[in-house]
Number of protein chains: 2
Amino acid sequence: MSAGFETRLREAGYRLTPARRAVFAVLRQASTPLSAAEVWRLGRARHAGLGRATVYRTLPLLVRLGLARALLAPGGVRYQCSEGGTHRLVCRGCGAELPLSGCPAGALAQELSEKYGYLVEGHLLEFYGLCPDCQRRMRHEV
Amino acid sequence: MSAGFETRLREAGYRLTPARRAVFAVLRQASTPLSAAEVWRLGRARHAGLGRATVYRTLPLLVRLGLARALLAPGGVRYQCSEGGTHRLVCRGCGAELPLSGCPAGALAQELSEKYGYLVEGHLLEFYGLCPDCQRRMRHEV
DNA sequence: AAGTAAATGATACAATGTCTCAACTAGCAC
DNA sequence: GTGCTAGTTGAGACATTGTATCATTTACTT
């Protein structure tokens, strides 16, 4: 799958550099979406002199190439590898996120592909609301 | 619906102030999601001395109260009123967004509500991929 | 009408992201 | 392998975006 990264970069006319490897490797290994600052910090472990500007240049590049995805978490933008879709329940009270399995969007993707000529590569399905705790809390404490 | 804003604020124990009215009114009237800076600029037209800090305090408050939603647009975070769901196709090549009608998520919301006890208030369904133009462009130009 | 806690706006500050540019290097040609 | 060249890098200045502080104001309760 790391080969996917290399070929994708090359076929798009970009060079394969230690900095880009480091940034992508950090995202690949992360078990949770990372902020740009976190990617920088972790990336320096892999590539000593990794620059901040390079990280900020590389992350959007990875997104444009379809190798990563930018998410809006409470607290700012975070990046993660883009493999397949992302599905979750987000509580607007406490920010808790509950991952979901099973997705109704897969079927729709094919349909959209035919209808609009889009090449659909992945999707993000987020439900917003209140978790049980926050529902209780909002009734009483506020 | 503006009443919804007022009661929501009151029932959560927050005061109804000119600043908050202005911020919310700006979001309500906007036909497109706005950045915090834009909300400030537009808000000053409605409430002369509106402070920057107040805008940055108010927008997350509106999100927590379920009155607004934060979106990650190319170029940063943007806010919009939260009425129902949001569905679109986003091209990772050029950033173009194509709104969708018809959504498979509504049915799932009810199911999630029962299964997890969440109060589901809205959702965001985004498909990522390449629009027809970008597919062509990627094959040739790059 | 008066009291009070919440909210405001100004400002200073911190964090986040962008731009510039000289130095470097990946990839290609030979 | 050696040299060439355009893409890329990293440092730092800069711009933007978001946060904390605090004296002053004000929405709401009684």
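Note: hydrogens, waters and symmetry copies are ignored here, and every other heavy atom, side chains too, is used. Lettering of chains follows the sequences in order, A, B, ..., and the numbering in each one begins at 1.
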Participant: Would you kindly give the CG-to-P distance between B/L72 and C/dT16, to the nearest whole Å?
Facilitator: 15 Å
Participant: For the side chain of A/R10, starting at C-beta, report the closest nucleotide among C/dC28, D/dT8, D/dA27.
Facilitator: C/dC28
Participant: Is B/F5 close to B/R21 at the side-chain level, that is, under 4.5 Å between some pair of heavy atoms?
Facilitator: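 In contact.
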Participant: Between B/L16 and B/V77, which has a closest nucleotide on DNA chain D that is more 5'?
Facilitator: B/V77
Participant: Write down the distance between OH (B/Y79) and C1' (D/dT17), rounded to a whole number of angstrom.
Facilitator: 10 Å
Participant: Determine whether A/S35 and A/W40 make a side-chain contact, defined as any pair of heavy atoms from C-beta on separated by less than 4.5 Å.
Facilitator: no
Participant: Round to the nearest Å and state the distance from B/Y14 atom OH to C/dT8 atom P.
Facilitator: 11 Å
Participant: Identify the heavy atoms of B/A19 and B/T54 that sit nearest to each other, and give their distance.
Facilitator: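 B/A19 and B/T54 have their closest heavy atoms at CB-CG2, 3.7 Å.
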Participant: Expressed in angstrom and rounded to an integer, what is the separation of A/R78 atom CZ from C/dG17 atom C1'?
Facilitator: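 My rounded result for the distance is 16 Å.
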Participant: Which residues within residues 31-45 of chain A lie with some heavy atom under 4.0 Å of an atom in DNA chain C?
Facilitator: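 Here the set is A/A36.
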Participant: Over all heavy atoms of both residues, which pair between B/R8 and B/L65 is shortest? Give the atoms and the distance, please.
Facilitator: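 Taking B/R8 first and B/L65 second, the nearest heavy atoms are NE-O, 3.3 Å.
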Participant: Any heavy-atom pair between the side chains of A/Q29 and A/L42 that's under 4.5 Å?
Facilitator: no
Participant: Return no unless some side-chain N or O of A/T17 is found under 4.0 Å from OP1 or OP2 of D/dT9.
Facilitator: yes
Participant: Please check if B/Y56 and B/V23 belong to a single hydrophobic cluster, counting links between Ile, Leu, Val, Met, Phe, Trp and Tyr side chain heavy atoms closer than 4.5 Å.
Facilitator: no
Participant: Roughly, in whole Å, what's the span from CD in A/E6 to P in C/dA26?
Facilitator: 13 Å
Participant: Give the rounded distance in Å between these two atoms: CG of A/L61 and P of D/dT9.
Facilitator: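 The answer, rounded to whole Å, is 9 Å.
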Participant: Roughly, in whole Å, what's the span from CG in A/L59 to P in D/dT9?
Facilitator: 12 Å
Participant: Taking all atoms of both residues into account, what is the closest heavy-atom pair of B/L72 and A/V77, and its distance?
Facilitator: CD1-CG2, 3.5 Å
Participant: Any residue in residues 46-57 of chain B with a heavy atom nearer than 4.0 angstrom to DNA chain D? Just list them by number, or reply none.
Facilitator: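 Those residues whose heavy atoms fall under 4.0 Å from DNA chain D, taken from residues 46-57 of chain B in numerical order, are B/R52, B/A53, B/Y56, B/R57.
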Participant: Mind listing the closest non-hydrogen atom pair of A/P60 and A/V55 along with its distance?
Facilitator: CD-O, 4.4 Å
Participant: Distance check: side-chain N/O of B/R15 vs OP1/OP2 of C/dA5, anything under 4.0 Å?
Facilitator: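 Checking B/R15 against C/dA5: no side-chain N or O falls below 4.0 Å of OP1 or OP2.
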Participant: Decide yes or no for A/L61 and A/R64: does some side-chain heavy atom of the first lie under 4.5 Å from some side-chain heavy atom of the second?
Facilitator: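 In contact.
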